[in-house]
Amino acid sequence: GADVQLDIESLAFGGMGVAHLNEMVTFVKNAIPGQKVTARITRKCSSYLEARSLEVLCESPYVMDVKCEHFADCGGCTFQNLDYAQQTAAKEIQVNDVFQRIGRFPDIQCDSIGSSDEIYYYRNKMDFTFSNQEYVPGNEKERVPYNFALGLHAPGRWDKILDINMCHIQAPIANEILKLIKDLTKDLDPYNMREHTGFLRNVMIRVGINTGEVMVNIVTSQEDEKSLAPIRDALVSKFPVITSIVN
């Protein structure tokens, strides 16, 4: 597609920036309101265009420092680089738009969107996937993929896993548990999603918000208590808050 300069005006559902090119609505991936970007047109439809941001020419006044080292590759958080007040303002516009444009209630005005005190570490349950097919981060593209990863699916990839060191939206205790599980499982066989071989498949960590109790679920392709027993014992020994481990 062609490369164009676009001014990002607002946010669309799904996290794309909205711009106009020759009066045609253009949805821009990886762009936030207030940016001027060079973007590549990736799709042309009769009533709109789709593009992806290649370079930020002028930064948004609403841009925020990103906490997470995985943000550029992960897709688990869409707006970590956008001021939280702007996120809630965008949500309010979207909710009103749904009622007025789709629902055809022209006079409806919703109450203001409620803000959360916890904009990080708020998720109490996360699922992570083992794989021997690592997704190499963009800033390390020159190296070969590792044959062990425990993390999240890269956006649009069912077959490759981005290795996660720390997730800023799950409870801190869950990050500590994830790190230990990764250390304890390095010598076991991660699953190959293409060939349906391997032992380790998934890890689910759930934290009881009111109790502080933790459940860990380790999903494997077959039963092998001998391999999992030392992992179980090490987890319970180091983290007394783990009250159940499921295989």
Side-chain angles (χ1 to χ4, degrees), residues 1 13-17 27-32 37-43 50-56 63-82 120-123 125-172 174-206 216-222 227 231:
F13 280 113
M16 286 187 165
F27 298 106
V28 188
K29 191 174 182 181
N30 301 332
I32 61 172
V37 301
T38 299
R40 181 160 297 165
I41 304 298
T42 55
R43 189 177 179 205
E50 289 185 6
R52 62 184 171 90
S53 175
L54 300 176
E55 181 186 3
V56 177
V63 72
M64 297 292 289
D65 289 336
V66 172
K67 275 180 179 277
C68 183
E69 65 177 294
H70 307 297
F71 177 71
D73 303 283
C74 178
C77 306
T78 315
F79 302 129
Q80 207 176 105
N81 61 338
L82 179 62
Y120 293 103
Y121 310 119
Y122 53 84
R123 279 192 66 157
K125 172 181 170 284
M126 288 281 287
D127 286 278
F128 300 95
T129 301
F130 289 99
S131 178
N132 70 342
Q133 305 282 315
E134 186 213 9
Y135 179 87
V136 181
N139 62 353
E140 301 176 28
K141 278 298 180 198
E142 67 283 351
R143 72 165 171 82
V144 294
Y146 299 136
N147 58 8
F148 183 99
L150 174 56
L152 301 171
H153 284 270
R157 296 301 299 257
W158 63 271
D159 59 336
K160 287 189 182 290
I161 297 299
L162 178 70
D163 195 63
I164 299 293
N165 295 316
M166 179 179 180
C167 175
H168 283 75
I169 62 173
Q170 75 170 349
N175 279 310
E176 295 179 42
I177 292 167
L178 179 70
K179 183 179 185 306
L180 181 59
I181 290 173
K182 194 182 293 189
D183 293 341
L184 293 169
T185 54
K186 276 282 196 274
D187 296 327
L188 296 176
D189 196 14
Y191 202 69
N192 183 323
M193 283 172 269
R194 291 180 177 275
E195 299 174 9
H196 305 290
T197 57
F199 176 58
L200 298 166
R201 295 209 62 168
N202 300 89
V203 169
M204 183 271 282
I205 305 170
R206 183 191 288 272
V216 176
N217 183 2
I218 301 174
V219 181
T220 56
S221 58
Q222 63 218 45
S227 294
I231 298 169

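All values below come from the heavy atoms of this structure, side chains included, with hydrogens, waters and symmetry mates left out. When a residue number appears, it is its place in the shown sequence, counting from 1. Small disclaimer: the values here were computed from a predicted structure and weren't measured.
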Heavy-atom nearest pair, Val203 first then Phe130, reads CG2-CE1, 3.4 Å

On a heavy-atom basis, the closest approach of Gly198 and Tyr191 is O-CD1, 3.5 Å

[Y] backbone acceptor or donor facing [X] side chain under 3.5 Å:
X: Ser131; Y: Ala149; value: no
X: Asn175; Y: Cys167; value: yes
X: Asp163; Y: Leu150; value: yes
X: Gln80; Y: Cys68; value: yes
X: Thr220; Y: Phe199; value: no

*Go through Phe128 and Lys182 one step at a time and tell me if the side chain to side chain contact (heavy atoms under 4.5 Å, CB included) criterion holds.*
CA-CA 11 Å; Phe128 300 95; Lys182 194 182 293 189; over 6 Å; no

So side-chain hydrogen bond (donor to acceptor under 3.5 Å, both in side chains) across residues 153-162, not counting sequence neighbours, yields Arg157-Asp159, Asp159-Arg194

Exceeds 12 heavy-atom contacts within 6.0 angstrom, atom NZ of Lys125: yes

Greater than 12 external heavy atoms within 6.0 Å of Asp187's CG: no

Those residues at least two apart in sequence (or on a different chain) that pass salt bridge (Lys or Arg N to Asp or Glu O under 4.0 Å) with Lys67 are none

Heavy-atom check, side chain of Thr129 versus side chain of Asp127, under 4.5 Å | no

Which atom pairs, one a donor and one an acceptor, fall under 3.5 Å between side chains of residues 137-144 and the rest of the protein, sequence neighbours left out?
| from | atom 1 | to | atom 2 | distance (Å) |
| --- | --- | --- | --- | --- |
| Glu140 | OE1 | Arg143 | NE | 2.6 |
| Glu140 | OE1 | Arg143 | NH2 | 3.0 |
| Lys141 | NZ | Val136 | O | 2.7 |
| Arg143 | NH1 | Glu134 | OE1 | 2.9 |
| Arg143 | NH2 | Glu134 | OE2 | 2.8 |

